[in-house]
Amino acid sequence: MKRHPERVVTWRGLLEDMGKGIGVASGGHDCQETRWLLEAASGMSLEKLTLSMDEAASPEAMTTLQEMLVRRDSGEPLQYVLGSWGFRSLDLRVDSRALIPRPETEVVVETALVEIGASRCGSGGHGLKVADLGTGTGAIALSIALEGRTLVEEVWASDLSGDALDLAALNLEGLREVAPEAAAKVRVVQGSWYEALPEHLAGCLAVIVANPPYVAEAQLSDLPVEVRSWEPLQALIAGPTGLESLEAVLFGAAHWLAGSGCAVVEIGADQRDAAVEIACEAGLDDVSVRSDLAGLPRVLVARVS
Ligand SMILES: C[S@@+](CC[C@H](N)C(=O)[O-])C[C@H]1O[C@@H](n2cnc3c(N)ncnc32)[C@H](O)[C@@H]1O
């Protein structure tokens, strides 16, 4: 994006150049993407940017934008380049320390919130304790703390990855700024699945929610290159069968759930039958699989009686 020094470059000019691929190795970016990149580089809200389109772009923003375009053209996911991404009502910080939260996981949260609303655990449906295992950015845990704040007393957010938890902690700070009472309910803890939780929670959780890794090792090469080259493998790969993490979460659930509590777990679209079988083997009842917005079977729900 080299420009003649004395020529005034407006935000609109930058946007048009990006659309044409000027300064971009791989050609033009799509319209929505260029707007997001420009918004992030400018540091302005979309509304403010829209009103300022014919004003001169700052040199700092032009430098930032150039750096972002180079990263994007190297194949880095848009969300990591932007550094933040929307998930339900949250604007989360995202980077290569954790998986980019996906739309299907918003359905997992929706399902968990319905279960929380209908829960008979806790004192009269209030004071519920919830755990999000493998929290990554904290997307699930923070959404439940925010949207379920009148019902939930504690939301435990755990992960094996210290890097992911550092990012989750930053997102928790972000939540604290907008909803301190919701943020105060969140506990961030490190460890493998249930090992991260204090033993006093055993038999006390109303809902266990998780989006565990569910890709089999041999299927790594089937993932889009943007995913397998940039997102943490620990967040994607479960092991040789792809079911290892699901087994760990479901086999531990009965010990940690309160009576009539339930597990809500995201699964791969081809794992419905295997997941139901594992839930039954784990001694869970009332097992069902819900569909995501694309109609694919992605959310396993199972209870203790
Ligand atoms: C598919 S990502 C989900 C991240 C986040 N919950 C979301 O939905 O965006 C799976 C997460 O599980 C974590 N994980 C992998 N193995 C784990 C283990 N043994 N114990 C706890 N967390 C683990 C990964 O670090 C990763 O953050």
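One-based numbering, in listed order, for ligands and for the atoms of each. Here the structure is a predicted model, which is why all the values come from computation and not from measurement.
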- Message: Using the side chain to side chain contact (heavy atoms under 4.5 Å, CB included) definition, which of the options D132, L151, V109, V186 pairs with I144?
- Response: V109
- Under the 3.5 angstrom rule, does the side chain of R290 hit a backbone N or O of V299 as a donor-acceptor pair? no
- Task: Write out the residue and atom name of the closest protein heavy atom to atom 1 (C) of ligand 1, then the distance separating them to 0.1 Å.
- Result: A235 O, 3.0 Å
- Query: When you look at CZ of R97, are more than 12 heavy atoms from neighbouring residues, nucleotides or ligands closer to it than 6.0 Å?
  - Reply: yes
- So which protein heavy atom does atom 17 (C) of ligand 1 come closest to, and at what separation? W193 CZ2, 3.3 Å
- Task: State whether the shortest distance between N or O atoms of D159 and N or O atoms of ligand 1 falls below 3.5 angstrom.
- Result: yes
- Item | atom 22 (N) of ligand 1: the protein heavy-atom neighbour that sits closest, reported with distance to 0.1 Å | L160 N, 3.3 Å
- Task: Using a 4.0 Å heavy-atom threshold (strictly under), name the region of T105 that reaches ligand 1: side chain, backbone, both or neither.
- Result: side chain
- Message: Starting from atom 3 (C) of ligand 1, what is the nearest protein heavy atom, named by residue and atom, and what distance separates them?
- Response: N211 O, 3.1 Å
- Query: Should R102 and E266 count as an ion pair when the cut-off is N to O under 4.0 Å?
  - Reply: no
- Query: Does some side-chain heavy atom of L300 sit less than 4.5 Å from a side-chain heavy atom of L250?
  - Reply: yes
- Task: Specify the protein heavy atom at minimum distance from atom 19 (N) of ligand 1: its residue, its atom name, and the distance to 0.1 Å.
- Result: S192 OG, 3.0 Å
- Nearest protein heavy atom with distance in Å, relative to atom 15 (C) of ligand 1: Q234 O, 3.3 Å
- Could you list the atoms of ligand 1 found under 4.0 angstrom from a heavy atom of G191? 20 (N), 21 (C)
- Answer whether the closest heavy-atom distance between the side chains of E67 and V70 falls below 4.5 Å. no
- Using a 4.5 Å cut-off on heavy atoms from C-beta on, say whether the side chain of E115 contacts that of R303. yes
- Message: Check this for me: does any side-chain nitrogen of one of E153 and K185 sit under 4.0 Å from a carboxylate oxygen of the other?
- Response: no
- Message: What protein heavy atom lies closest to atom 11 (C) of ligand 1? Include the residue and the distance to one decimal.
- Response: G134 O, 3.5 Å
- Check whether any side-chain heavy atom of D163 sits under 4.5 Å from a side-chain heavy atom of L167, and report yes or no. no
- Close approach of P213 to ligand 1, heavy atoms, under 4.0 angstrom: yes
- Query: Which of the atoms of ligand 1 are close to S161, meaning less than 4.0 Å from one of its heavy atoms?
  - Reply: 25 (O)
- Message: Less than 4.0 Å is my threshold; does some heavy atom of P101 fall inside it relative to ligand 1?
- Response: yes
- Message: Is the contact between T135 and ligand 1 made by the side chain, the backbone, both, or neither, using heavy atoms and a 4.0 Å cut-off?
- Response: backbone
